[in-house]
Chemist: 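I have a structure I would like to understand better, so I am pasting it below and will then ask my questions one at a time.
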Amino acid sequence: MTQQEITMFSHPPMRKFSMFDAGLLRPALADALRKLHPAVQLRSPVMFVVYAGAIITSLLYVQALLGQGEAPAGFILATAIWLWFTVLFANFAEAMAEGRSKAQAASLRSLKQMVMAKKLATPQHGTTWLPQPAQDLRKGHYILVEAGDVIPIDGEVIEGVASVDESAITGESAPVIRESGGDFSSVTGGTRVLSDWLVVKVTVNPGETFLDRMIAMVEGAKRKKTPNEIALTILLVALTIVFLIVTVTLLPFSLFSVAAAGAGTPISITVLIALLVCLIPTTIGGLLSAIGVAGMSRMMQANVIATSGRAVEAAGDVDVLMLDKTGTITLGNRQASAFFPAPGVSEQQLADVAQLASLADETPEGRSIVVLAKQKFNIREREMAALQAVFVPFSANTRMSGIDLGQRQIRKGAADTLRKYVEAQGQSYPAEVARSVDDVARRGSTPLVVADQGRVMGVVELKDIVKGGIKERFAELRRMGIKTVMITGDNQLTAAAIAAEAGVDDFLAEATPEDKLKLIRQYQAEGRLVAMTGDGTNDAPALAQADVAVAMNSGTQAAKEAGNMVDLDSNPTKLLEIVEIGKQMLMTRGSLTTFSISNDVAKYFAIIPAAFVGTYPQLKALDIMQLASPASAIMSALIFNALIIVALIPLALKGVQYRAIGAVALLRRNLLLYGVGGLLLPFAGIKLIDLLLSAFHLV
Ligand SMILES: Nc1ncnc2c1ncn2[C@@H]1O[C@H](COP(=O)(O)OP(=O)(O)OP(=O)(O)O)[C@@H](O)[C@H]1O
Ligand SMILES: [K+]
Ligand SMILES: [Mg+2]
């Protein structure tokens, strides 16, 4: 097989759909009809009542056609039609909310194509490879991917550095760097290598890939109701039952009064059904599911894939945000910037040892030390193999790294760790070095202490920069009542300097992954909801514990499995956006619930007098709206009730406007806007429809 043959066809970047893409409209209309299936309707008890009402009035119309109508046939027909519309409008809202996800899933599916992999017998670049279809790859296999290749399956880079086009999955056109070691070692099947090569260890079996899981998440067919949705549904059902009882008892009541007075007409079933539908919370009942789906969809627009609606909801309730220092609050591209030798050591000696300690260290920190030594003293990289060195990789637990050259141990790492390390060997830790460490840390830089055979050689300064604009975002979070906690493996002084500069509420320094886990549990024990981001295998336990756990797409498989969201952009700052989207979703639901219920209260006053004026002529006095006729009043209310669902679809999908003001201020604002607004709007709306209906002699 030639290179050409296995070079994969490229694909267009994932298309992003806007909320009201014209292309989404037609399928949504078809879906709205499909959702008329009783099993679908049963999922929303409130809408099921409307659905049942539509069926009953349709049957009553048939009866009327047969000459036994309980009311004028035209009136029954109009009622039945508007009830069906009400159901369809709610279906349409949900279908529109789902449409974007479905389109995205379809475009992801198109990425799942037959791809040939270059399977390596030995995990080393330069060795021979054999072509093998991607679906025959298994966890633990090694593959080679080169410029132009589509990465056939998910894996971890074990050798090489390459630029990768992930636009097929993220929609972002800028290529990303994937490399072994460190935080950017994960590659995703379906993305394409643009330059250079990578040796990749396959981490999943076919069918379990990120793309597979993403399609499943996006399709959300198995969407379960979230805890808050269930609670709200129970409330809505309770309201529905109350109104159902009220309306049902009106019938014998009306019959009795008419019989007793010997005058008037008893109320018809059609009117009672129309009345019931106007009174039960159909607005929120019809839009509830759409609001939840739209929340997940908005996450997706932010390139975040949430595994469940529950995760999105939890994001809105979060009150503690745990953020890594390096890479989240700072730019994270920590680069060696200076050497501070210990007494009796020259700068060049320190640079030499530091470089030796970093030769096989694939972290950005390690590589930058090699480069700085080369720049400053022209110390050339030496071959690990020639040195017969054994590499001791960095881990967040040991907080040091280095090499062993026979008996000679060279180490570099966090100052406190290195101090313990040299003291354990009976060596002293010079006061001058401690001073250099503090100076470096106070600048917000990370000090690394270097030791050769237990002797402290000096300090390397790793410079890092606090991200622009991050302070303002933390201030905003504070206004929202969210506490920000910075966690870092770095020392106290560096942590304090960066914490002050970034304006976080609290910080934890010298933290191991276990400390992170402990801290999350501590907050949760206080009844707080904790969100965090992470990328390493070390972060997996903490991610599994956090209520909202955002794994970086570039991170390890373990982290991605432990989290309940994946950020395709691998941008830890995204956590802030995620919380905002969650809050916005909760606010939208709250606002529309308020609106819906106050709306129903208004309808109560608008139509009760009109509906019962036949039975109780005295009610005429209460008929403040002066509607044209009882039939017109009922019809107008029913039409308003249906149209308001359509009118609110954009709001349900886009979310109410979000502002970071305090919870109390927000509640007051929303009660005013959606409560009072909801109370007043029906009067105007129903009156207008009534005027139109009578102007065109429609009732
Ligand atoms: N490649 C490395 N070799 C040796 N020591 C390192 C290396 N990288 C980091 N360190 C030391 O280990 C400490 C802990 O690193 P770790 O990556 O766990 O946390 P961090 O990057 O400082 O903070 P964060 O949790 O915000 O990423 C660092 O502060 C530094 O002192
Ligand atoms: K209603
Ligand atoms: Mg780190």
Side-chain angles (χ1 to χ4, degrees), residues 46-47 49-50 53 86 90 181-183 236 239-240 243 274-286 322-330 332 334 336 354 357-358 360-370 391-403 410-418 437 440-441 445-451 459-462 464 486-495 498-499 507-513 515-516 532-536 538-539 542 572 595-604 607 637-638 640-642 644-645 678 682:
V46 178
M47 291 317 290
V49 171
V50 184
T86 312
D183 294 344
L236 298 182
L239 277 174
T240 306
F243 284 119
L275 183 65
L276 175 64
V277 168
C278 287
L279 297 186
I280 62 176
T282 47
T283 317
I284 185 64
M322 305 231 295
L323 302 147
D324 267 355
K325 172 179 76 76
T326 313
T328 305
I329 291 171
T330 65
R334 273 193 300 212
S358 309
D361 185 355
E362 289 281 344
T363 64
E365 289 88 347
R367 270 200 297 270
S368 76
I369 292 173
V370 174
F391 175 48
V392 181
F394 169 72
S395 95
N397 279 310
T398 61
R399 297 200 288 143
M400 62 180 182
S401 61
I403 54 169
I410 303 178
R411 293 290 182 275
K412 67 175 196 294
D416 60 318
T417 314
L418 259 281
V437 164
V440 169
S445 298
T446 298
L448 285 191
V449 174
V450 183
V459 181
V460 183
E461 175 170 3
L462 300 173
D464 203 352
M486 180 184 94
I487 310 185
T488 176
D490 235 328
N491 66 85
Q492 293 286 346
L493 281 176
T494 307
I498 299 287
F507 70 88
L508 179 70
E510 284 163 15
T512 59
D515 294 333
K516 282 193 192 185
M532 73 164 284
T533 54
D535 48 23
N538 281 326
D539 288 329
F595 183 87
S596 179
I597 291 175
S598 58
N599 225 296
D600 293 337
V601 170
K603 271 175 255 167
Y604 190 79
I607 56 176
L638 195 59
F640 177 82
N641 192 60
I644 198 74
I645 294 179

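Start at 1 and go down the list; that is how both ligands and their atoms are numbered. Since this is a predicted model, take the numbers as computed values, not measurements. Numbers here are sequence positions counted from 1. These values consider heavy atoms only, across backbone and side chains, with no hydrogens, waters or symmetry-generated copies.
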Chemist: Using a distance threshold of 3.4 Å, state whether an N, O or S atom of T282 lies below it from the K ion (ligand 2).
Modeler: yes
Chemist: Mind checking whether G489 has an N or O less than 3.5 Å away from an N or O of ligand 1?
Modeler: yes
Chemist: Among the N, O or S atoms of D600, which one sits nearest to the K ion (ligand 2)?
Modeler: OD1
Chemist: Applying a 4.0 Å heavy-atom criterion (strictly less than), which segment of D324 is in contact with ligand 1: side chain, backbone, both, or neither?
Modeler: both
Chemist: Looking at ligand 1, does M486 have a heavy atom less than 4.0 Å from it?
Modeler: no
Chemist: So if I count the atoms of ligand 1 from 1 in the order they appear, which ones are less than 4.0 Å from some heavy atom of G413?
Modeler: 4 (C), 5 (N)
Chemist: Does any N or O atom in E365 lie less than 3.5 angstrom from one in ligand 1, N or O only?
Modeler: no
Chemist: Does a side-chain N-to-carboxylate-O contact under 4.0 Å join D490 and R399?
Modeler: no
Chemist: Measure from the K ion (ligand 2) to each N, O or S atom of P281 and report whether any distance is below 3.4 Å.
Modeler: no
Chemist: Between V277 and T282, what is the shortest heavy-atom contact and its length?
Modeler: O-CG2, 3.6 Å
Chemist: Quick one, K325 with T446, criterion side chain to side chain contact (heavy atoms under 4.5 Å, CB included). Give me CA distance, side-chain angles, the key distance, then yes/no.
Modeler: CA-CA 11 Å; K325 172 179 76 76; T446 298; 3.8 Å; yes
Chemist: Heavy-atom contacts with K325 under 4.0 Å: which atoms of ligand 1 show up? List them by number with element.
Modeler: 26 (O)
Chemist: Given the K ion (ligand 2) as the apex, I'd like the angle to O of V277 and OD1 of N641, rounded to 10 degrees.
Modeler: 90°
Chemist: Can you confirm, on distance only, whether ligand 1 has an N/O atom lying under 3.5 Å from any N/O atom belonging to K516?
Modeler: no
Chemist: Would you mind telling me if ligand 1 is within reach of the side chain of I487, the backbone, both or neither, using heavy atoms under 4.0 Å?
Modeler: backbone
Chemist: For ligand 1, does T363 get within less than 4.0 Å through its side chain, its backbone, both, or neither, judged by non-hydrogen atoms?
Modeler: side chain
Chemist: Atoms of ligand 1 less than 4.0 Å from T446 heavy atoms?
Modeler: 29 (O), 30 (C), 31 (O)
Chemist: What about S401: any of its N or O atoms under 3.5 Å from an N or O on ligand 1?
Modeler: yes
Chemist: Taking everything shown except F391 itself, do over 12 heavy atoms lie less than 6.0 Å from its CZ?
Modeler: yes
